[in-house]
Participant: 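Below is a structure I'd like to ask you about.
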Amino acid sequence: MSAEPTERIAASLERAVAEMGAAGVQVRLERPRVGSHGDWASNVAMVLAPKLGRPPRQVAEDLLNRAGEIEGVDRAEVAGPGFLNFFLDAGASGSALPRILDMGDRYGSGDEGAGRAVMVEFVSANPTGPLHLGHGRQAALGDAIARLLEWTGWKAHREFYFNDAGGQIDRLAESVRARFQQIFGRDEPVPENGYHGEYVAEIAAAFRERHGDRYRDDRTEAALEAMRAFAVARLRQEHETGLEAFGVRFDEYYPETRLYSDGRVRETIQALDETGLTYRQDGACWLRTTRFGDQKDRVMVKSDGSPTYFLPDVAYHMSKWERGFHHVINVQGADHHSTTDRVRAGLQALGRPPEYPEYVLHQMVTVERDGQEIRFSKRAGSYTTLAGLVAEVGAEVARYFFLMRRPEAHLVFDLDLALDQSEKNPVYKVQYAHARLCQLLDQGAKGVVVGRGTQSPSAPRRLLDQGAKKGRDLSGARADPRLLTAAAERDLARQLGEFPAFVERAAANRAPQVVCAYLEQTAGLVNSWYQAGHPSRGPELSALVGNEALRNARLTLARAARTVLRNGLAVLGLQAPKRMHREVPDVVGGGVGVGQGVPAEGIVAAAVEGRARPVADGGPSAASRARSAVAGGRPSAASRAQSAAAG
RNA sequence: GCGCCCGUAGCUCAGGUGGAAGAGCAUCGGCCUUCUAAGCCGACGGUCCCAGGUUCGAGUCCUGGCGGGCGUACCA
């Protein structure tokens with residue numbers, strides 16, 4: 001193929017435009033969002049119409065007539081208010097397939113980043129309590145954004161920052177001490193502004209397990225310090241293992257105290273002083289952040305001589321810069337948005353660019369259970385933890401839930417829905433489509449043939465022999481995409497070709513939900529294509545037809561689709577299973593434990609029952625349990641609901 | 001008061017460089033003798049919060065409202 005079809009279309013249109021006496025009008029081609037609007041569309045007639053004083057549709061007709069036949073274009077039409085829609089022939093629309101197979105698990109990657117370093121800082125939870133769902137959203141977002149950047153040629157560094165000193169850690173230590181004393185029956189209440197969650201008592205119990213009664217009557221600072229260190233270490237460990245269970249790893253954990261111990265905070269004060277933008281007022285030391293667009297000046301050092309949070313924040317970002325990260329993305333909850341202006345202002349005072357660092361601020365996560373909102377509060381001790389959520393719905397579902405919405409949109413996490421209907425979750429649709437393609441390709445490799453009339457026992461054997469003779473050819477590396485003429489095939493092929501553009505856009509906009517939407521759409525096209533060729537429906541449209549050339553082309557399409565789904569899931573940090581098992585819960589069919597070799601009737605019975613009986617009002621029905629258990633290997637919805645209530 | 005975010009189908013939400021209104025759930029109706037029905041096909045469902053403006057064209061951009069969320073510390 002000499003030139004891309006788009007170039008030929010554009011050239012033909014530009015010639016036609018010039019003929020109509022409107023040279024210089026830019027011809028732009030765009031991908032219509034809907035398949036029925038063709039492979040490419042142009043708005044040039046509508047731009048031209050007012051200049052020529054003629055109706056746009058008439059101009060469009062005229063343009064088409066003048067453009068004539070275009071190589072690679074099957075047909076063209078005037079549509080809507082005056083769009084020109086071009087439909088490529090099958091060879092052109094399937095032209096991405098060889099490239100997909102060539103690139104394999106790198107298909108979709110790009111090199112916009114050109115190997116530059118970028119830091120993504122996310123989660124950054126303080127060791128004063130367990131990770132909650134807001135941290136979960138951040139973990140999913142930060143990791144997915146880092147992955148997107150890696151896919152587009154950046155070298156991503158994942159960093160977790162935490163405050164391991166200061167007033168809140170003091171209160172944590174005091175809270176642990178109170179709980180510790182309570183173990184011995186002493187009436188020492190947790191401080192009013194301390195941490196009241198159950199986990200504090202657990203820490204105290206663990207502390208006693210480690211140290212016995214040694215600190216029982218020790219009210220010294222050293223005892224408090226021991227508890228502080230113990231609690232921080234334990235919570236830090238809990239965060240790391242929790243994130244690991246969630247599938248997120250960090251390159252570096254950066255403690256706030258390091259900024260003090262290595263003198264960076266002091267250096268930052270000095271450097272800011274030298275800018276002449278600091279002043280003293282009311283006994284405190286201020287920085288003129290208003291010079292850089294902040295709403296008011298900020299205190300750097302309080303009148304009691306201790307620094308505010310603002311100062312180490314600036315020092316920390318100077319450390320990032322000096323470590324070579326001139327591109328930094330901070331993923332934070334929107335409740336931190338007030339700090340972004342002042343931190344950037346402080347950094348500008350030190351000569352950093354105004355857009356450093358970049359922020360992705362996600363809106364809050366609220367959780368509803370039984371139709372009621374649950375409020376998060378570390379101090380009240382009533383909140384839902386990330387670990388609890390992962391235990392309930394699994395890491396994959398939780399991750400996808402957090403990613404499928406724009407970060408700046410409020411996320412309502414309906415626990416009931418996530419529990420009872422998790423198998424209807426889009427992530428299963430995508431993973432299932434992938435597993436389905438794997439099975440199909442497996443059948444293809446075995447030489448299985450479907451279709452009425454061709455089912456003589458010798459047919460598979462014959463194909464197997466041919467396949468063996470021709471080696472890899474059966475896998476379709478040299479298949480002819482022009483044979484993919486059915487609508488479902490062409491729609492799918494076209495969609496697969498757009499994957500790299502979606503990854504690039506998602507990365508540029510720090511928008512993982514774009515990938516989610518793409519995957520769901522692709523999975524839908526895969527399923528439509530698959531169903532259209534289902535043996536019971538249209539065996540002549542199946543990939544497993546007897547005609548070898550057609551079979552090759554369709555199996556190539558399946559391989560390409562599998563590659564795209566697998567890569568897309570990898571971009572989000574999700575698994576691409578080769579096989580998905582349904583597990584029929586023992587409540588159906590009286591304790592029939594069913595695993596891999598399930599009799600088909602069992603599956604169908606459960607599925608039918610599941611559909612026939614919606615969830616009744618008191619609790620989960622057998623039907624909903626059947627659906628829940630499908631998610632695989634986890635407790636039934638009933639027992640999970642109980643554990644949720646207990647948590 | 002001021003700042004940021006949100007307002008799209010009954011519900012939860014996607015909507016690219018401004019271009020032809022979408023998905024899932026819910027409801028209703030079809031589709032398993034043969035590749036996994038965790039699926040597919042169809043129907044129903046819209047004042048894209050309101051009012052102006054820019055434009056050949058606005059869910060998208062601009063201005064002003066209305067409604068909701070979050071923030072607005074010498075807290076951490």
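Letters A, B, ... are given to chains in the order of the sequence lines, protein chains preceding strands, and every chain is numbered from 1. Below, each value reflects all heavy atoms present in this structure, side chains not excepted, and no hydrogens, waters or symmetry copies.
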Participant: Is there a donor and acceptor pair, one atom on the side chain of A:His534 and one on the base of B:rG39, closer than 3.5 Å?
Facilitator: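 Between B:rG39 and A:His534, which were checked side chain against base, a qualifying N/O pair under 3.5 Å is absent.
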Participant: Just name whichever nucleotide pairs with B:rG39, Watson-Crick or G-U, keeping both distances under 3.5 Å, else none.
Facilitator: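 The base-pairing partner of B:rG39, which may sit in any strand shown, is B:rC31.
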Participant: Answer with base, sugar-phosphate or nothing: what part of the nucleic acid does A:Ala532 contact at a heavy-atom distance below 4.0 Å?
Facilitator: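 Counting heavy atoms under 4.0 Å across all strands, no contact is made by A:Ala532.
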Participant: With heavy atoms under 4.0 Å as the rule, sort A:Ser542 into base, sugar-phosphate or nothing.
Facilitator: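 Here A:Ser542 touches the bases of the nucleic acid.
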Participant: Test for a donor-acceptor pair under 3.5 Å between the base of B:rA76 and the side chain of A:Asn126, counting only N and O atoms.
Facilitator: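 No, the side chain and the base share no sub-3.5 Å donor-acceptor pair.
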Participant: Could you tell me the separation between the CG atom of A:Leu519 and the C1' atom of B:rA23, rounded to a whole number of Å?
Facilitator: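 Result: 14 Å.
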Participant: Is the base of B:rG69 stacked against the aromatic ring of A:His410, taking ring centres under 5.5 Å apart and planes under 30° as the test?
Facilitator: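 The ring of A:His410 is not stacked on B:rG69.
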Participant: Return the residues of residues 301-309 of chain A meeting this criterion: a heavy atom under 4.0 Å from some atom of RNA chain B. Order them by number, or give none.
Facilitator: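 The answer is A:Lys302, A:Ser303, A:Tyr309.
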Participant: Quick test of your reading of the model: are A:Lys429 and A:Glu520 salt-bridged, counting only N-O distances below 4.0 Å?
Facilitator: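 Salt bridge between A:Lys429 and A:Glu520, a charged N being under 4.0 Å from a carboxylate O: no.
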Participant: Syn versus anti for B:rC32, judged by chi lying within 90° of 0?
Facilitator: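 Syn.
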Participant: Would you state whether a donor and an acceptor, one from the side chain of A:Arg537 and one from the base of B:rC31, lie under 3.5 Å apart?
Facilitator: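 Flag set: donor-acceptor pair detected.
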Participant: Would you tell me if any nitrogen or oxygen in the side chain of A:Arg436 comes within less than 4.0 Å of OP1 or OP2 on B:rA37?
Facilitator: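 Answer yes for this pair, as a side-chain N or O of A:Arg436 is under 4.0 Å from OP1 or OP2.
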Participant: How close or far is atom P of B:rU72 from atom CG of A:Leu361, stated in whole angstroms?
Facilitator: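 Going from CG in A:Leu361 over to P in B:rU72 covers 14 Å.
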Participant: Would you say that more than 12 heavy atoms from the other residues, nucleotides or ligands in this model lie under 6.0 Å from the CD of A:Gln575, or not?
Facilitator: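 Atom CD in A:Gln575 is not packed in, count stays at 12 or less.
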Participant: Could you tell me the Watson-Crick or G-U partner of B:rC48, where both distances fall under 3.5 Å? Say none if there is no partner.
Facilitator: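 When the pairing criteria are applied, nothing turns out to pair with B:rC48, so the answer is none.
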Participant: Kindly assign one of parallel, tilted or perpendicular to the pair A:Trp286 and A:Tyr279, based on the angle between their ring planes and the thresholds 30° and 60°.
Facilitator: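 A:Trp286 and A:Tyr279: parallel rings.
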Participant: Would you say the side chain of A:Leu311 lies within less than 4.5 Å of the side chain of A:Leu272, judging by non-hydrogen atoms?
Facilitator: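 Result yes, sub-4.5 Å side-chain heavy-atom pair found.
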Participant: Could you tell me which residues satisfy side chain to side chain donor-acceptor pair (under 3.5 Å) with A:Glu256, sequence neighbours excluded, listed by chain and number?
Facilitator: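 If we apply the side chain to side chain donor-acceptor pair (under 3.5 Å) test to A:Glu256, skipping adjacent residues, the hits are A:Asn163.
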Participant: Separation of A:Tyr400 atom OH from B:rA14 atom C1', in whole Å?
Facilitator: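 Interatomic distance, OH of A:Tyr400 to C1' of B:rA14: 10 Å.
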Participant: Just call it for A:Pro56: base, sugar-phosphate, or nothing, with non-hydrogen atoms closer than 4.0 Å on any strand.
Facilitator: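 The residue A:Pro56 makes no contact with any strand.
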Participant: Check this one for me: any side-chain N or O of A:Gln295 less than 4.0 Å away from OP1 or OP2 of B:rC4?
Facilitator: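 Result: no.
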Participant: May I have the distance from A:Glu408 (atom CD) to B:rC70 (atom P), rounded to whole angstrom?
Facilitator: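 The distance from CD of A:Glu408 to P of B:rC70 comes to 17 Å, rounded to the nearest Å.
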Participant: Does the ring of A:Trp40 carry A:Arg31 above it, NZ/CZ under 6.0 angstrom from centre and within 45° of its axis?
Facilitator: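 Relative to the ring axis of A:Trp40, which defines the angle, A:Arg31 lies inside both limits.
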Participant: Side-chain N or O of A:Lys429 versus OP1/OP2 of B:rA37: is the shortest distance under 4.0 Å?
Facilitator: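 No.
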Participant: Any donor-acceptor pair, under 3.5 Å, between the side chain of A:Asp335 and the base of B:rG71, if you only look at N and O atoms?
Facilitator: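 Flag unset: no donor-acceptor pair detected.
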Participant: Now, which nucleotide makes the Watson-Crick or G-U wobble pair with B:rC4, with each of the two distances under 3.5 Å?
Facilitator: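 B:rG69 is the nucleotide pairing with B:rC4.
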Participant: Measure the distance from CG on A:Asp341 to P on B:rC5 and round it to the nearest whole Å.
Facilitator: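 The distance from CG of A:Asp341 to P of B:rC5 comes to 11 Å, rounded to the nearest Å.
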Participant: How is A:Gly533 classified with respect to the nucleic acid when contacts are heavy atoms under 4.0 Å: base, sugar-phosphate, or nothing?
Facilitator: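 Result for A:Gly533 = base.
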Participant: Ring stacking, A:Phe83 with base of B:rG19, under 5.5 Å and under 30°?
Facilitator: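 No; centroid distance or tilt outside limits.
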Participant: Please state whether the phosphate of B:rG15, meaning OP1 or OP2, lies under 4.0 angstrom from any side-chain nitrogen or oxygen of A:Arg406.
Facilitator: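 Yes, within the criterion.
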Participant: Just to be sure I understand the rule, does A:Ala41 reach a base, reach only the sugar-phosphate, or reach nothing, if contact means heavy atoms closer than 4.0 Å?
Facilitator: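 Counting heavy atoms under 4.0 Å across all strands, the contact made by A:Ala41 includes a base.
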Participant: Whom does B:rU55 pair with, Watson-Crick or G-U wobble, provided both distances fall under 3.5 Å?
Facilitator: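 None - no nucleotide pairs with B:rU55, as no candidate has both distances under 3.5 Å.
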Participant: Hey, does A:Ala517 reach any base, or is it just sugar-phosphate, or nothing, if we go heavy atoms under 4.0 Å?
Facilitator: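 Sugar-phosphate: the residue A:Ala517, judged by heavy atoms under 4.0 Å, touches backbone atoms but no base.
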Participant: Base, sugar-phosphate or nothing for A:Lys51? Non-hydrogen atoms, less than 4.0 Å.
Facilitator: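 Since no nucleic acid heavy atom lies under 4.0 Å of A:Lys51, the category is nothing.
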Participant: Provide the Watson-Crick or G-U wobble partner of B:rC11, both distances under 3.5 Å; none if there is no partner.
Facilitator: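 In the structure as shown, B:rC11 has B:rG24 as its Watson-Crick or wobble partner.
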Participant: Kindly compute the distance separating CG (A:Leu361) from NE2 (A:His336), expressed to the nearest 0.5 Å.
Facilitator: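 Result: 9.5 Å between the selected atoms.
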Participant: Any strand is fair game: report the nucleotide pairing with B:rU17 by Watson-Crick or G-U wobble, both distances under 3.5 Å, or none.
Facilitator: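 Paired with no nucleotide.
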Participant: Once side chain to side chain donor-acceptor pair (under 3.5 Å) is applied, do any residues pair with A:Thr257, and if so which ones, sequence neighbours excluded?
Facilitator: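 For A:Thr257 the side chain to side chain donor-acceptor pair (under 3.5 Å) partners, ignoring immediate neighbours, are A:Asp164.
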Participant: Would you please say whether a donor-acceptor pair under 3.5 Å links the side chains of A:Gln495 and A:Thr522?
Facilitator: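 Side chains of A:Gln495 and A:Thr522: pair found under 3.5 Å.
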